[in-house]
There are 2 protein chains.
Amino acid sequence: MNLAIGDLSRRTGVKIPTIRYYEQIGLLPSPVRTEGQQRRYGPAEVRRLNFIRHARELGFEVDAIRQLLGLADDPNRCCGEAHEITKAHLDEINDKIARLTALRDELETMVACDNRRVSECRIIEVLADHGQCQHHQH
Amino acid sequence: MNLAIGDLSRRTGVKIPTIRYYEQIGLLPSPVRTEGQQRRYGPAEVRRLNFIRHARELGFEVDAIRQLLGLADDPNRCCGEAHEITKAHLDEINDKIARLTALRDELETMVACDNRRVSECRIIEVLADHGQCQHHQH
DNA sequence: CTACAACCTCTAGCGGTTAGAGGTTCAAGA
DNA sequence: TCTTGAACCTCTAACCGCTAGAGGTTGTAG
């Protein structure tokens, strides 16, 4: 298996400029090159890039991924660290879900609105109020 | 109530440069100024900025926020429009909730991991394996 | 051996912010 | 009233995580 960057891209679903970008910021190691300076990749890179892509899809920031990859690279290290990173991320997501759900409920009652003028419209009212009271809980 | 930009920042949790940026892109109206060109804000701006911040935290793009705010600014517009926009956002929100929930479930099984060694760690495993097979469904 | 798709580097852009430099204003205390 | 210093001003440039394009080179299939 000796993949050009386009093959790697197709295999992982990561766009070519993004792959080069990941290399540049040190997420992916510099691969071997042909005589003419073209990148060639092996199975290890496919695995690593898939890992990266999946983690990004889960919303991990590049820094977090770097940490996770560091852990994965050192199979003797304690797992607690990965646990911690993931837990923090999970908390953030739960928070977002809660707030989105609150907003949705509010919007849902609003959609019942059928007035002719915005001046009497619940939608606008609720949005304004929502902004107003939100920062108390933060 | 005659707030300087720093006061507004503290009241809303939006950083000062961000407030100026919002003004620049037209999300916030240009406020009144003192003789010496310093910005002064009133309660309307506090409300508006709180709304913006809240919407941004929930992942709405600036353009979407502009639309919603635009409705609120024009009380003579037909409510049907607000209705439509709100409905669109409701769909968006429901979509977001669904995706975040899926994400959370995945992360939650991951944090169940309490191994001492990374080599046996579910988190790393899931990211690696999942990455491997993920792109087929995309 | 040629054609041309795919690669290369480099620069610059995106949205949404944030940070810094270098200078001015406001307001509280002497 | 004057002085100090925190807070403000504008402007430019950086940040993240990509993405796009220009302009040139390489690899490979026919």
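The sequence lines fix the lettering, A, B, ..., with proteins before strands; numbering per chain opens at 1.
Going from atom CD of B:Gln67 over to atom CG of B:Asp63 covers 7.0 Å, rounded to the nearest 0.5 Å. Here A:Thr12 contributes atom OG1 and A:Leu49 contributes atom CG; the two are 4.0 Å apart, rounded to the nearest 0.5 Å. The CD1 atom of A:Ile5 sits 7.5 Å away from atom CD of A:Glu23, with the distance rounded to the nearest 0.5 Å.
Side-chain N/O atoms of B:Thr34 include none lying less than 4.0 angstrom from OP1 or OP2 on C:dT25. For C:dC7, neither phosphate oxygen OP1 nor OP2 lies less than 4.0 angstrom from any side-chain nitrogen or oxygen of A:Arg39. For the pair B:Thr18 and C:dT17, the criterion of a side-chain N or O lying under 4.0 Å from OP1 or OP2 is not met.
Protein atom CD1 of A:Ile25 is 18 Å distant from nucleotide atom P of D:dA14, rounded to whole Å. Taking atom NZ of residue B:Lys15 and atom P of nucleotide C:dT17, one finds them 11 Å apart after rounding to whole Å. For the pair A:Ile5 CD1 and D:dT28 C1', the interatomic distance rounds to 18 Å; values are reported in whole Å. If you take OH of A:Tyr21 and P of D:dC16, they are 7 Å apart, rounded to a whole angstrom. The distance between atom CZ of A:Phe60 and atom C1' of D:dC16, rounded to the nearest whole Å, is 18 Å. The interatomic distance linking A:Leu27 (CG) with D:dC18 (P) rounds to 9 Å, in whole Å. Atom CD in A:Glu61 sits roughly 10 Å away from atom P in D:dC16 (whole-Å rounding). Distance, B:Arg53 CZ to C:dT17 C1': 16 Å, rounded to whole Å.
Nearest-nucleotide positions on DNA chain C place A:Ile16 closer to the 5' end than the other of B:Asp63 and A:Ile16. Of the residues near DNA chain C, B:Gln37 and A:Arg20, the one whose nearest nucleotide (by heavy atom distance) lies more toward the 5' end is A:Arg20. Heavy-atom nearest nucleotides on DNA chain D were determined for A:Arg40 and for A:Tyr22, and the one closer to the 5' end corresponds to A:Tyr22.
A side-chain contact (heavy atoms from CB on, under 4.5 Å) with A:Ile52 is found for exactly one of A:Ile19, A:Val14, A:Leu28, namely A:Leu28.
Transitive grouping of hydrophobic side chains (ILVMFWY, heavy atoms separated by less than 4.5 Å) brings A:Phe51 and A:Met1 into a common cluster.
The listed nucleotides are C:dC8, D:dT19, D:dC8; the one nearest the side chain of B:Gln38 is D:dC8.
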